Amino acid sequence: MLRIRRALAVIILLTVAAVVTGIWFNRPDTPQQLLNQLPADVDLSLQELHYTQNENGKAAWSLDATQAEYQRESGVAHLANVSLVLYQQQEFGEVTMTARQGYFDQQANEIEAIGDVVLVSEKGDRLYTDRLRYDTKNKQISTADAFRYLSSGNELTGVGMQIDLSSGQMTVENDVRALFVPEMEP
């Protein structure tokens, strides 16, 4: 029994030594070597990005991503695992959007979400699509893709849509289908 414990201890020590040695010899020696590992078109790479845009002394929106790669020339940041919170959006209240990836274009004042996009309002309305764009300057959400919008048991689907968050108006471009479910009285 003692031999088995000693053998296991030796195996564990050898494994730890191998891992530490591998990490030690594969680490970049200088900051320049670390920068050389970045893609050529990336000027800045961040892990766990959190950005809050303030307007008139109040938080207008917050953007979070697990990774961001910023390209200075284009002014675009490529994002992974995006979460966007839009504060105080008139009748919608606080609106939260999540997506697998996206882009933040500072010059165009736009955030684009791509892949399994879900938008949820404070009152529980939900919007599902594959691609969604938020115009931060005009406070408009839009998509050219198919979407599904759920609100109070009602369902609206279509292709191409725009929501003006300031006025609360929605415009649907094509293939509009709606299912209205009347609320039951108690």
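Residue numbers run from 1 in the order of the sequence given. Fair warning: this is a prediction, and the values are worked out from it, not measured in the lab.
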Kindly indicate whether the side chain of [X], heavy atoms from C-beta on, has any atom under 4.5 Å from the side chain of [Y].
| X | Y | result |
| --- | --- | --- |
| Thr171 | Gln140 | no |
| Gln67 | Glu69 | yes |
| Tyr149 | Thr157 | no |
| Asp135 | Lys137 | yes |
| His78 | Gln71 | yes |

Please say yes or no: joined through hydrophobic side-chain contacts below 4.5 Å, possibly via intermediate residues, are [X] and [Y] part of one cluster?
| X | Y | value |
| --- | --- | --- |
| Val176 | Ile163 | yes |
| Val82 | Val85 | no |
| Leu165 | Leu150 | no |

*asked:* Could you go through Leu86 and Lys139, starting from their C-alpha distance and side-chain angles, then the distance that decides it, and tell me whether this counts as side-chain contact (heavy atoms from CB on, under 4.5 Å)?
replied: CA-CA 9 Å; Leu86 309 173; Lys139 298 186 187 304; over 6 Å; no
*Name of the residue among Leu49, Thr66, Asp64 meeting side chain to side chain contact (heavy atoms under 4.5 Å, CB included) with Leu79*: Leu49
*Check Thr143, Thr129, Ile141 against Leu119 for a side chain to side chain contact (heavy atoms under 4.5 Å, CB included) and give me the one that passes.*
Ile141
Spacing of [atom1] belonging to [X] relative to [atom2] belonging to [Y], to within rounding of 0.5 Å:
| X | Y | atom1 | atom2 | answer |
| --- | --- | --- | --- | --- |
| Tyr51 | Leu84 | OH | CG | 12.0 Å |
| Leu132 | Phe147 | CG | CZ | 10.5 Å |
| Lys123 | Glu94 | NZ | CD | 15.0 Å |
| Phe180 | Glu155 | CZ | CD | 11.0 Å |
| Gln162 | Asp164 | CD | CG | 7.0 Å |
| Gln169 | Ser167 | CD | OG | 4.0 Å |

Please find the pair of heavy atoms, one from [X] and one from [Y], that lie closest to each other, and give the distance.
| X | Y | result |
| --- | --- | --- |
| Ser83 | Thr98 | OG-CG2, 4.3 Å |
| Ala144 | Val159 | O-CG1, 3.5 Å |
| Val172 | Met170 | CG2-SD, 4.0 Å |
| Ser62 | Thr52 | OG-OG1, 3.0 Å |
| Arg133 | Glu110 | NH1-OE1, 2.6 Å |
| Ala99 | Val117 | CB-CG2, 3.9 Å |

*Yes or no on side-chain contact (heavy atoms from CB on, under 4.5 Å) for Asp125 and Val120, after CA distance, side-chain angles and deciding distance?*
CA-CA 6 Å; Asp125 295 355; Val120 181; over 6 Å; no
_Connected hydrophobic set around Val76, excluding itself, where side chains approach under 4.5 Å_ = Tyr103, Ile114
*Between Gln53 and Glu55, does any side-chain donor sit less than 3.5 Å from a side-chain acceptor?*
no
_Side chains of Tyr134 and Ser142, donor plus acceptor under 3.5 Å_ = no
*Apply the test side-chain contact (heavy atoms from CB on, under 4.5 Å) to residues Arg177 and Leu156: give CA-CA distance (whole Å), side-chain angles for both, the deciding distance (0.1 Å), then the verdict.*
CA-CA 6 Å; Arg177 293 186 190 271; Leu156 176 69; over 6 Å; no
*asked:* Between the side chains of Arg131 and Asp145, is the shortest nitrogen-to-carboxylate-oxygen separation below 4.0 Å, so that they form an ion pair?
replied: no
*Please lay out, stage by stage, how Thr136 and Trp61 fare under the test side-chain contact (heavy atoms from CB on, under 4.5 Å).*
CA-CA 9 Å; Thr136 65; Trp61 53 270; 3.8 Å; yes
